[in-house]
Amino acid sequence: MVLLHGSNGQGKTNVLEAIYLLAVVKSPRASSDRDLVRRQALERGEHSQVSAVVQRDGVPLRVAIGLQRAAPADVSAPAGGMEHVGAVQKQVRVNGAPRRVSDLVGEVNAVLFTAQDMAIVLGPPSSRRRYVDILISQVDSRYLRLLQKYQQVMAQRNQLLKAVRDGRSQPDELGFWDGELVESGAYVMQRRAATVSAVAQLAAPLHQELSGGGEELRIVYSPSVGVEADERDLDDALRDALERSRPREVAQGFTAVGPHRDDLLMLLDGLDAGSSASRGQCRTLVLALKLAEASFLLDERGQEPVLLLDDILSELDADRRARVLDRAGLYQQCILTAATLESVDRLHVDRMSKFSVAGGKVSPAESA
């Protein structure tokens, strides 16, 4: 294991986020690519890059993501905000050759845990959908394409629903968009159902191990169309749900059923973890989920992912900390962060390669 330690705000999390950016081509934190680059660099039109060399089956693979302002800065916009720097263009290269952004997903496999991942348990359904979508996109490029298509079709359908409500279009015009929505949405639901089932089976014993065997974890896919997760004919189920909900959708002006309304149920000893579990229990649950994600990626791609663990030890008792570090130490490459060397017990810290992070610089560290 590799331990990055240093005071808060020195850049430890940035290192993990940079590696994960190369895996999923999206920041786990920033809502916009502009937020990844220092504002002064964008204003000057400078090029920013994240790159790494990854060993795959003994063959080095150089991957890089470049970010640069796509247009001159808008001098008429307020200088205090980011609006005046304009859009940011993203370029992807693999071994020096340009690639589409979507083609990079899956070239680097990584699993990241940060404090923000507590939203998978405690946050809204959108946080859980995003978690599943990122996981599946790393192993199924068709899923990523159809998910993007589904979102585009839904936006067009929502515009048409508003037009029908306002009397500017006829209801029968919805038939075409219903078909497009079903075609992409049914595949999204199918892959989510299969993936959640596989991850749930992996997560349950891992959670037993991390928690000391005292809690039973169940994770269940909860689609919005009111069918069982293992039902095969999702096309008909989704089409019927759209037809039944059409009067309500026209009145509201938006699509009310489909994968964009799915959720995951996370149960500890039969109770909803989001409302009944402690912070330590929720953190253990998410860690078990992340380790299950790593096993899933290994099964699907035949390649063990890099495990990235940001401040995993807080809010865990000593026994759970030890069990988490024991499990993390089994991976070929695990990078974790901590505020100090003293926050990790001597037995584990002596087995780690240690680096200090200060002012954005990473340096080899002497053992405490």
Does either side chain, that of [X] or that of [Y], offer a donor lying less than 3.5 Å from an acceptor on the other one?
{"X": "Asp235", "Y": "Tyr187", "value": "no"}
{"X": "Glu215", "Y": "Gln281", "value": "yes"}
{"X": "Asp133", "Y": "Tyr143", "value": "yes"}

>> Could you see if Met266 belongs to whatever hydrophobic cluster contains Met118? Use Ile, Leu, Val, Met, Phe, Trp, Tyr and a side-chain cutoff under 4.5 Å.
In response: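 They do share one cluster, since a chain of ILVMFWY contacts under 4.5 Å joins Met266 to Met118.
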> Out of curiosity, does Ile136 fall in the hydrophobic cluster containing Leu298 (side-chain heavy atoms, cut-off under 4.5 Å, transitive links)?
Replying inline: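 Hydrophobic grouping puts Leu298 apart from Ile136.
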>> Evaluate Glu183 against Lys149 for salt bridge (Lys or Arg N to Asp or Glu O under 4.0 Å), listing each step before the verdict.
In response: CA-CA 10 Å; Glu183 180 183 353; Lys149 178 183 178 181; 3.7 Å; yes
Set of residues satisfying side chain to side chain contact (heavy atoms under 4.5 Å, CB included) with respect to [X], sequence neighbours excluded:
{"X": "Asp311", "result": "Ser314, Thr337"}
{"X": "Pro205", "result": "none"}
{"X": "Ser343", "result": "Ala338, Thr340"}

> What residues form a salt bridge (Lys or Arg N to Asp or Glu O under 4.0 Å) with Arg321, not counting sequence neighbours?
Replying inline: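 Per chain and number, Arg321 pairs via salt bridge (Lys or Arg N to Asp or Glu O under 4.0 Å) with no residue.
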>> According to salt bridge (Lys or Arg N to Asp or Glu O under 4.0 Å), who are the partners of Arg218, at least two apart in sequence or on a separate chain?
In response: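 Checked Arg218 against salt bridge (Lys or Arg N to Asp or Glu O under 4.0 Å); zero matches.
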> Is there a side-chain hydrogen bond (donor to acceptor under 3.5 Å, both in side chains) between Ser32 and Asp35 once you walk through the steps?
Replying inline: CA-CA 6 Å; Ser32 167; Asp35 297 332; 4.8 Å; no
> In the hydrophobic clustering (ILVMFWY, side-chain contacts below 4.5 Å, transitive), which residues join Val362, or is it alone?
Replying inline: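 Taking Ile, Leu, Val, Met, Phe, Trp and Tyr as members, Val362 shares its hydrophobic cluster with Val2, Leu4, Val15, Leu16, Ile19, Tyr20, Val24, Leu112, Ile134, Val306, Leu308, Ile335, Phe355, Val357.
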